[in-house]
Amino acid sequence: MRPLHTLLALVLVTSAAAPVAGQTLLDRVVARVNGSVLLLSDVRAAVIFGLVEGPADSELAVEEMVQRALLVEEVNRFPPPEPAAEAVDAELDRLRVRGGASLEDVERGTGLSPDNVRLLARDRLRIQSYIDQRFGVTVPLTDEQVLQYYRAHPEEFTANGQLTPFDNAQGLARERAGLEQRQRTINQWLRDLRARADVRVPTR
């Protein structure tokens with residue numbers, strides 16, 4: 001399982017809960033997540049918008065879609081504050097840019113309606129808000145943990161062939177060590193979430 005960079009990257013599409021409209025593509029079920037269906041067209045849309053990594057019919061993309069569906073379920077069970085309409089508009093614009101084509105073309109190519117695409121933008125914000133609420137945005141670390149990270153990743157603190165002294169790099173080392181520790185915690189939680197779920201991926 002990949003880390004959630006696309007998080008955040010993680011991390012992430014809610015197509016498991018959102019129906020497609022005007023489906024014209026040759027489609028098939030790629031997974032069932034706690035009874036909800038994920039279609040290949042859902043994965044195609046997620047790849048186009050940069051919510052998961054492709055190609056759309058790869059095991060990687062399908063697994064990232066499964067993770068996202070599980071995240072959406074968690075968000076719906078314990079909803080964070082609703083994102084402001086302006087924030088959803090901004091995220092929708094980001095998805096449009098990432099799609100690299102007119103939204104109408106993307107909708108025709110994936111079978112998604114405008115409301116479906118807006119739901120993708122909304123849920124991406126809700127997922128990020130939930131993750132921040134559950135795991136915090138910073139992780140407290142001891143000085144020893146920060147020093148260990150600095151020693152383990154000298155390439156991150158080297159410029160022009162010279163290693164920056166720890167005293168000068170301590171702030172950056174603390175930030176990056178905190179992000180790494182936070183991601184490990186999130187990844188373990190995602191593995192536990194996946195293990196408890198009823199996930200069925202049809203054989204091809």
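Note that the numbering runs from 1 along the sequence shown for the chain. Note that the coordinates shown come from a computational prediction; the quantities given were computed from them, not determined experimentally.
Evaluated for a side chain to side chain contact (heavy atoms under 4.5 Å, CB included) with Ile127, the options Asp132, Leu51, Val72 yield exactly one hit, Val72. Screening Arg124, Gln128, Arg122 against Pro83 for a side chain to side chain contact (heavy atoms under 4.5 Å, CB included) leaves a single residue, Arg122.
The 12-atom threshold is exceeded at CZ of Arg134, counting heavy atoms of other residues, nucleotides or ligands nearer than 6.0 Å. Enclosure of atom CZ in Arg94 by more than 12 non-hydrogen atoms of other residues, nucleotides or ligands within 6.0 angstrom is indicated. Within 6.0 Å of the CZ atom in Arg32, the count of heavy atoms belonging to other residues, nucleotides or ligands does not exceed 12. Residue Glu59 qualifies as open at atom CD: its count of foreign heavy atoms under 6.0 Å is 12 or below.
A distance of 8.0 Å separates CD in Gln162 from CG in Asn160, rounded to the nearest 0.5 Å. The structure places CD of Glu156 at 7.5 Å from CG of Leu172, a figure rounded to the nearest 0.5 Å. Rounded to the nearest 0.5 angstrom, Leu60 CG and Glu64 CD are separated by 4.5 Å.
Residues Val97 and Val88 do not share a hydrophobic cluster, clusters being chains of Ile/Leu/Val/Met/Phe/Trp/Tyr side chains in contact below 4.5 Å. Note: the hydrophobic cluster containing Phe135 also contains Leu70 (ILVMFWY, side chain heavy atoms under 4.5 Å, direct or indirect links). No continuous path of hydrophobic side-chain contacts links Leu95 to Leu125 [ILVMFWY only; heavy atoms under 4.5 Å]. Linking ILVMFWY side-chain heavy atoms closer than 4.5 Å, directly or via other members, places Leu38 and Leu193 in a single hydrophobic cluster. Both Phe166 and Phe157 are assigned to one and the same hydrophobic cluster, defined by single-linkage of ILVMFWY side chains at heavy-atom distances under 4.5 Å.
Checked by atom type and distance alone, the side chain of Gln67 never pairs as donor or acceptor with a backbone atom of Leu190 at under 3.5 Å. A donor-acceptor pair under 3.5 Å is formed between the side chain of Asn116 and the backbone N or O of Ser113. Arg182 contributes a side-chain N or O that, together with a main-chain N or O of Gly136, makes up a donor-acceptor pair within less than 3.5 Å. Without hydrogens or angle criteria, Thr158 side chain to Gly161 main chain gives no donor-acceptor distance under 3.5 Å. When atom types are taken as modelled, the side chain of Asn34 and the backbone of Ala197 share no donor-acceptor pair closer than 3.5 angstrom. For Asn168 (side chain) and Pro165 (main-chain N/O), no donor-acceptor pair under 3.5 Å exists by modelled atom type. Distance alone, capped at 3.5 Å, places no donor-acceptor pair between the Ser129 side chain and the Pro80 backbone.
When all heavy atoms of Tyr150 and Ala169 are compared, the closest pair comes out as CE1-CB, 4.0 Å. Nearest heavy atom pair, residue Pro202 against residue Val30, reads CD-O, 3.3 Å. Between Gly54 and Ser58, the closest heavy-atom pair is C-OG, 4.0 Å. The nearest pair of heavy atoms linking Gly178 to Leu141 is N-CD1, 3.4 Å.
Phe49 has its side chain within reach of Val117: a pair of non-hydrogen atoms, C-beta onward, lies under 4.5 Å apart. You'll find the side chain of Asp42 stays beyond 4.5 Å of the side chain of Val37, heavy atoms only. Residues Asp57 and Leu40 have side chains in contact (heavy-atom distance under 4.5 Å, counting atoms from C-beta outward). Looking at heavy atoms from C-beta onward, Gln145 lies out of side-chain contact with Arg174 at the 4.5 angstrom threshold. Asp89 has its side chain within reach of Arg118: a pair of non-hydrogen atoms, C-beta onward, lies under 4.5 Å apart. Inter-residue side-chain proximity for Tyr130 and Glu74 is flagged as met; some heavy-atom pair is nearer than 4.5 Å. Using a 4.5 Å heavy-atom cutoff, the side chains of Val62 and Val52 are not in contact. Inter-residue side-chain proximity for Ile186 and Ile131 is flagged as met; some heavy-atom pair is nearer than 4.5 Å.
Taking the six-membered ring for Trp and the full ring otherwise, His153 and Tyr149 have centroids separated by under 6.0 Å.
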Q) When you look at Glu73 and Arg77, which way does the salt bridge (Lys or Arg N to Asp or Glu O under 4.0 Å) test go after all the steps? A) CA-CA 6 Å; Glu73 283 189 2; Arg77 288 176 60 206; over 6 Å; no
Q: Could you please spell out the steps behind the side-chain contact (heavy atoms from CB on, under 4.5 Å) verdict for Leu39 and Arg28?
A: CA-CA 6 Å; Leu39 300 174; Arg28 61 181 172 85; over 6 Å; no
(Q) Run the side-chain contact (heavy atoms from CB on, under 4.5 Å) test on Glu53 and Val47 for me, step by step, so that the C-alpha distance in whole Å, both residues' side-chain angles and the decisive distance to 0.1 Å come before the verdict. (A) CA-CA 6 Å; Glu53 295 190 5; Val47 169; over 6 Å; no
Q | Worked verdict on Asp198 versus Arg200 for salt bridge (Lys or Arg N to Asp or Glu O under 4.0 Å) | A | CA-CA 7 Å; Asp198 179 14; Arg200 304 182 185 186; 3.1 Å; yes
Q) Arg126 and Asn76: side-chain contact (heavy atoms from CB on, under 4.5 Å), yes or no, with the steps? A) CA-CA 9 Å; Arg126 295 173 73 227; Asn76 289 336; 3.2 Å; yes
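Between the side chains of Arg151 and Gln148, no donor-acceptor pair is found at a separation under 3.5 Å.
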